[in-house]
Amino acid sequence: MAYVAVSGGKEAIEESIKLLDFYRSGTEKDIDLTALENKMGLLVDRVMSEAGLYCKPYAALALKQCEGSIEEAVFLLRAYRSTLTRNYYTKVVDTGNMRVVRRISAAFKDIVGGQILGATYDYTHRLINFDRENEDSEKLFSYMQERTQNEAPEEISPCPRVSDELKREGLIEGCPEQDEPPYDITENMLEFPTVRSARLQTLSRADTGFLSGLAYSALRGFGQGHPTVGELRVGYVELEVPYLLDDAQSLYIGEILITEVESFNSVDDRDKLKLAVGYGAVFGRNETKAIAMSVVDRELENQGDYPAQNEEFVLTHGDSLEMNGFISHLKLPHYVTFQSQLDAVRKTRK
């Protein structure tokens, strides 16, 4: 189908691509990538999460290139990711050692390490602040730089998980230990039923809106129940790779910001008398997606007749790239197939 368009309208396609610059030329002001990366941080984090590539500058560049279209930015970032050489596999990250910047629990008022509200829009008035229109960015930057330089940062010790105490009491249903390496969905096709490592990877890269809608359907009754967020934590985790000359040693290569959620739910089997756990972890600050992921993870573990419990339905249709790509392909020429449908209708009418 695409060949017809290319051979018959090559010049038109080239002019169409040039026309994109017209829509980007509405002002003499340009968008600085550093400003986009820092002032649209939540948007950049979402693109990184759905693309499966942690690189804030490139995510910002992709957003600028495609006029802020999330699905196009994800496409660009994944395409670039596919060209990169994979030199190392990091060691397993212990998120219990996370450098926490935000940590809350909806299950307990008092938790070891305390509740850390951090930065969130949860407690703001949902009103447009028109002062932002003429905000003095230089003044804001200087003020924050001065504060960070003059005020000694408060040391926050690694916070134990809320679920650790419940595990010690035997109140949480544990996951079986798996010695085999995680399934790599970037190098292997998904096969159903799939292993949990592949499921979690796919959910972590899934479209945020799709995942949130599925979780919402489960909460409204198309699922097992109403979970409670046992712990939501946002923070930085260190990445280490094995030392080439000694696998017992490791080299620190950097840190990434992630959002991690454990949600608690009841187990239908009354013989167990335990709580079930759903898990979610995504790049950057994206709490809604991480919570939704933990809800859907638990639904898939339960299995059942509802959409959120159907593994093939969830994992096949939640991928941002494939979902938007397949819908967009409907814009391509379908002359032959449509004419055959039209001929069938005409013959039937006669």
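Each residue takes its place number in the sequence, starting with 1. Side chains are part of it too, since the values below use all heavy atoms of this structure and drop only hydrogens, waters and symmetry mates. All figures in this text were calculated on a predicted structure; none of them were measured in a lab.
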* To do: Show your working on salt bridge (charged side-chain N to carboxylate O under 4.0 Å, His left out) between Glu15 and Lys18 and close with a plain yes or no.
  => CA-CA 5 Å; Glu15 293 302 317; Lys18 292 178 183 178; 3.4 Å; yes

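- A salt bridge does not link Glu231 with Arg161: every distance from a Lys NZ or Arg NE/NH1/NH2 to an Asp or Glu carboxylate oxygen is 4.0 Å or more.
- Considering only heavy atoms from C-beta on, Asp94 stays 4.5 Å or farther from Val237 through its side chain.
- With rounding to the nearest 0.5 Å, the separation of CZ in Arg285 from OG1 in Thr259 is 8.5 Å.
- Of the N and O atoms on the side chains of Ser320 and Arg78, not one donor lies less than 3.5 Å from an acceptor on the other residue.
- Contact record, Val296 with Ala215: CG2-N, 4.0 Å, taken as the closest heavy-atom pair.
- Not one N or O on the side chain of Thr228 forms a donor-acceptor pair closer than 3.5 Å with the backbone of Phe264.
- Contact record, Lys91 with Ser250: NZ-CB, 3.7 Å, taken as the closest heavy-atom pair.
- Screening residues 27-42 for side chain to side chain donor-acceptor pair (under 3.5 Å), with sequence neighbours left out, gives Asp30-Lys64.
- With hydrogens and angles disregarded, a donor-acceptor distance shorter than 3.5 Å links the side chain of Arg103 to the backbone of Gly114.
- Linking Ile, Leu, Val, Met, Phe, Trp and Tyr whenever their side-chain heavy atoms come within less than 4.5 Å puts Ile111 and Val277 in one cluster.
- Taking CG from Asn265 and CD from Glu301, the interatomic distance works out to 12.5 Å, rounded to the nearest 0.5 Å.
- Between Val261 and Ala290 the shortest heavy-atom distance is CG2-CB, 3.7 Å.
- Glu50 and Thr208 form a side-chain donor-acceptor contact under 3.5 Å, judged by distance and modelled atom types alone.
- Take Ser25 and apply the side-chain contact (heavy atoms from CB on, under 4.5 Å) test, not counting sequence neighbours, and it matches Phe22.
- The CZ atom of Phe313 lies 6.0 Å from the CG atom of Leu214; values are rounded to the nearest 0.5 Å.
- Within the structure, side chain to side chain donor-acceptor pair (under 3.5 Å) pairs that include any residue of residues 132-147 comprise Arg147-Glu151 (at least two apart or interchain).
- The pair Arg46-Asp207 meets the salt-bridge criterion, with a side-chain N (NZ, NE, NH1 or NH2) lying under 4.0 Å from an Asp/Glu carboxylate O.
- Of the inter-residue distances, the one linking Leu219 atom CG with Ser217 atom OG reads 8.0 Å to the nearest 0.5 angstrom.
- Both Met98 and Phe283 sit in one connected hydrophobic cluster of ILVMFWY residues. Membership requires side-chain heavy atoms under 4.5 Å apart, directly or through other members.
- The shortest distance between side-chain heavy atoms of Ile253 and Tyr88 does not fall below 4.5 Å.
- Here the side chains of Ser49 and Lys289 are in contact, with some heavy-atom distance below 4.5 Å.
- Ser294 approaches Gly280 most closely through the heavy-atom pair CB-N, 3.8 Å.
- Looking at Asp184 and Arg86, a side-chain N of the basic residue comes within less than 4.0 Å of a carboxylate O on the acidic one, giving a salt bridge.
- Checking side-chain atoms of Glu311 against main-chain N and O of Thr194 turns up a donor-acceptor pair under 3.5 Å.
- Panel note: side chain Arg298, backbone Ala276; no donor-acceptor pair is recorded below 3.5 Å.
- Of the possible polar contacts, one joining the Asp297 side chain to the Tyr279 backbone as a donor-acceptor pair under 3.5 Å is found.
- In terms of hydrophobic clustering, with Ile, Leu, Val, Met, Phe, Trp and Tyr side chains grouped at heavy-atom distances under 4.5 Å, Leu321 and Tyr58 are assigned to different clusters.
- The backbone N or O of Leu61 sits nowhere less than 3.5 Å from a side-chain atom of Gln65 that would complete a donor-acceptor pair.
- Judged by distance alone, with hydrogens and angles left aside, the side-chain atoms of Tyr121 form no donor-acceptor pair with the main-chain N or O of Arg126 at under 3.5 Å.
- Within the model, atoms CZ of Arg199 and OG1 of Thr202 stand 10.0 Å from one another, a figure rounded to the nearest 0.5 Å.
- Taking OG of Ser263 as the start and CG of Leu275 as the end, the distance is 11.0 Å to the nearest 0.5 Å.
- Side-chain contact between Glu165 and Phe108 is absent, with no heavy-atom pair separated by less than 4.5 Å.
- Residues Ile13 and Glu11 have side chains not in contact (no heavy-atom distance under 4.5 Å, counting atoms from C-beta outward).
- Looking at heavy atoms from C-beta onward, Glu67 lies in side-chain contact with Arg24 at the 4.5 angstrom threshold.
- A heavy-atom distance below 4.5 Å is found between the side chains of Glu287 and Asp122.
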